[in-house]
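Here's the structure, in structure tokens; my notes come after.
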Amino acid sequence: MIFSKNLINWYSNNKRNLPWRTTTNPYYIWLSEIILQQTQVKQGLPYYESFIANYPTVFDLANANENDVLKLWQGLGYYSRARNLHASAKYVATDLNGVFPNTYKDLLRLKGVGDYTASAIASICFNENTAVVDGNVYRVLSRYFGIDTPINSTKGQKEFKALAQELIDKKEPAAFNQAIMEFGAVQCRPKNPQCNICPFKDSCIAFNKNRINQLPVKIKNSKAKKRFFNFLVFVSEDGRTVIEKRKDKGIWQNLYQFPLIETTDEAKTKYIKERINSLELLKDETFELWLYNKDTIVHKLSHQHLHTRFWIVQTKTLALKGISLGEIKNFPVPILIGNFIESFNFE
DNA sequence: AAGTCGGGGTC
DNA sequence: GACCCAGACTT
């Protein structure tokens with residue numbers, strides 16, 4: 001198909017120089033694809049570099065502690081990716097003797113690897129004829145072919161996957177897949193696409209019907225909910241504080257945080273004081289309480305707005321537990337906590 | 001089929 | 001504010 005040939009041609013002339021494009025080693029390609037899920041290249045790039053530097057082989061990653069893997073992932077978000085990455089590394093290292101699955105079908109068995117990622121690895125590493133459909137592909141195809149089916153509907157997913165599979169260059173699946181994604185990322189962008197210099201503008205339906213800014217169609221998602229977080233930052237005279245691991249399902253699973261009091265609305269100082277008094281941690285210890293951030297920090301996630309306050313709790317000593325202030329930097333924490341630690345400047 | 005899971009960036 | 005990003009998984 002001429003469209004596919006032109007796309008590959010465009011790619012060979014315009015592709016960015018990226019580190020994972022110099023290898024077909026499935027470990028590195030897999031690593032890059034997991035990191036790049038719902039993540040722009042610019043944001044993922046330094047994480048890719050640090051992962052291959054710290055874990056040059058799948059065995060290194062498999063032998064790591066989950067805490068260390070999460071620490072390296074800190075700030076990238078969607079932390080289930082890191083947990084699944086670690087679990088899959090163990091699976092490949094132990095059950096498969098370090099040899100990656102080499103087909104789309106078998107790759108799908110890895111935790112954290114879905115249709116897109118299995119297609120990407122299978123095509124890039126093993127020349128399998130499986131089309132990738134990511135956000136870029138949805139955009140390029142919906143515009144070029146003028147397709148109105150919502151891309152986040154079941155019907156849309158099937159339709160675009162089938163179309164991409166029809167278009168893929170069977171002799172160069174790796175080049176085609178990367179070409180269509182790169183084209184979407186660099187030229188056929190969500191906002192202000194470069195239609196004026198586009199090699200496909202004569203045949204692009206959206207461009208010729210002046211519908212570029214209407215496509216792709218996407219079903220709107222629900223609004224973010226408000227939550228109110230009160231973190232208790234204990235600081236004892238002997239330089240210790242308290243952190244805890246988030247065990248529950250939900251955001252930030254297996255990351256660490258200061259003891260949290262979640263309320264249904266902006267908490268009053270009196271209420272926080274009462275809650276601290278009821279903690280076993282302090283026994284009969286007296287404490288001084290002050291609010292660190294006068295302005296509530298609103299940390300925005302995709303589906304939640306976290307109205308956050310950091311309460312400093314100064315005491316003489318802490319009953320058992322706790323860590324020294326300097327140790328905090330070894331634990332993986334959400335960026336919300338990390339930013340506080342940096343500004344508070346422990347020790 | 002609808003929700004959930006982050007953080008950074010653009011407009 | 002709304003929307004997007006080399007999506008996957010759970011309910």
Less than 3.5 Å apart, any donor N or O on the side chain of A:Asn67 or A:Asn65 sitting next to an acceptor on the other?
no
Between A:Phe340 and A:Phe258, does the ring centre distance come in under 6.0 Å?
yes
Taking CD1 from A:Ile251 and P from C:dT10, how many angstroms apart are they, rounded to a whole number?
18 Å
Below 30° counts as parallel, above 60° as perpendicular, anything between as tilted: where do the rings of A:Tyr28 and A:Tyr48 land?
perpendicular
Taking only distance into account, with no hydrogens and no angle test, what donor-acceptor pairs under 3.5 Å do side-chain atoms of residues 87-95 of chain A form with protein atoms, sequence neighbours excluded?
from    : atom 1 : to       : atom 2 : distance (Å)
A:Ser88 : OG     : A:Asn84  : O      : 3.1
A:Ser88 : OG     : A:Lys111 : N      : 3.1
A:Ser88 : OG     : A:Lys111 : O      : 3.0
A:Thr94 : OG1    : A:Lys90  : O      : 2.9

Can you list, by residue number, the residues of residues 13-38 of chain A that have a non-hydrogen atom closer than 4.0 angstrom to DNA chain B?
A:Gln38
For A:Gly184, report the nucleic acid contact type (base, sugar-phosphate, nothing); a contact means any heavy atom under 4.0 Å.
nothing
A:Asp248 CG - C:dT10 C1' separation (whole Å)
16 Å
Closer than 4.0 angstrom, basic N to acidic O: yes or no for A:Lys71 and A:Asp68?
no
Does A:Tyr11 or A:His305 map to a spot on DNA chain C nearer the 5' end, using the closest nucleotide for each?
A:His305
Name the nucleic acid region contacted by A:Asp115, choosing base, sugar-phosphate or nothing; use a 4.0 angstrom heavy-atom cut-off, strictly under.
sugar-phosphate
Hey, does A:Gln304 reach any base, or is it just sugar-phosphate, or nothing, if we go heavy atoms under 4.0 Å?
sugar-phosphate
C:dA6 and B:dC11, which share atom name P, separated by this distance in whole Å:
14 Å
Scan side-chain atoms only and decide if A:Thr39 and A:Tyr47 contain a donor-acceptor pair under the 3.5 Å cut-off.
no
OH of A:Tyr78 versus P of B:dT4: gap in Å, rounded?
12 Å
Provide, to the nearest angstrom, the distance between the CZ atom belonging to A:Phe160 and the P atom belonging to C:dG7.
15 Å
Spell out, as yes or no, whether a donor-acceptor pair under 3.5 Å connects the side chain of A:Thr23 to the backbone of A:Trp20.
no
Is it true that A:Glu33 and A:Tyr116 share a donor-acceptor pair across their side chains at a distance under 3.5 Å?
yes
Integer-rounded Å distance: B:dG6 C1' and A:His299 NE2:
7 Å
Any salt bridge linking A:Glu66 with A:Arg83? Criterion: basic side-chain nitrogen under 4.0 Å from a carboxylate oxygen.
no
Name the orientation class of the two ring planes belonging to A:Phe3 and A:Phe200 (parallel below 30°, tilted from 30 to 60°, perpendicular beyond 60°).
tilted
What pairs of donor and acceptor atoms, side-chain ones from residues 189-197 of chain A against any protein atom, are under 3.5 angstrom apart with sequence neighbours left out?
from     : atom 1 : to       : atom 2 : distance (Å)
A:Arg189 : NH2    : A:Asn192 : O      : 3.0
A:Arg189 : NH2    : A:Gln194 : OE1    : 2.7

Check: A:Phe234 main-chain N/O paired with A:Thr241 side-chain donor or acceptor under 3.5 Å:
yes
Between A:Lys220 and A:Thr117, the residue closer to the 5' end of DNA chain C by nearest nucleotide is A:Lys220
Test for a donor-acceptor pair under 3.5 Å between the base of B:dG7 and the side chain of A:Gln43, counting only N and O atoms.
yes
What protein N or O atoms touch nucleotides 9-11 of chain B N or O atoms at under 3.5 angstrom, if any, and at what distances?
none

Check: A:Ser203/A:Tyr144 side-chain N/O donor and acceptor closer than 3.5 Å:
yes
Atom C1', compared across C:dC4 and B:dG6: separation rounded to whole Å
13 Å
With side chain to side chain contact (heavy atoms under 4.5 Å, CB included) as the criterion, how do A:Ile34 and A:Val113 come out once you've worked through the C-alpha distance, each side chain's angles and the decisive distance to 0.1 Å?
CA-CA 8 Å; A:Ile34 302 297; A:Val113 174; 4.3 Å; yes
From CG of A:Leu110 across to C1' of C:dC9 the rounded distance in Å is 15 Å
Considering only atom C1', compute the distance from C:dC5 to B:dA1 and round it to an integer number of Å.
23 Å
Donor-acceptor contact present, side-chain A:Glu288 to main-chain A:Gln314, <3.5 Å:
no
Pairs under 3.5 Å (N/O, protein and nucleotides 1-3 of chain B):
from  : atom 1 : to       : atom 2 : distance (Å)
B:dA1 : OP2    : A:Thr154 : OG1    : 2.1

Report the distance from atom CG of A:Asn254 to atom P of B:dG6, rounded to the nearest whole Å.
11 Å
Measuring from the side chain of A:Lys218 (C-beta onward, heavy atoms only), which nucleotide among C:dG7, B:dG6, C:dC4 has the closest atom?
C:dC4
So what does A:Ser80 touch, heavy atoms closer than 4.0 Å: a base, only the sugar-phosphate, or nothing?
nothing
Return the residues of residues 132-146 of chain A meeting this criterion: a heavy atom under 4.0 Å from some atom of DNA chain C. Order them by number, or give none.
A:Asp134, A:Gly135, A:Asn136, A:Arg139
Separation of A:Ile337 atom CD1 from B:dG6 atom C1', in whole Å?
14 Å
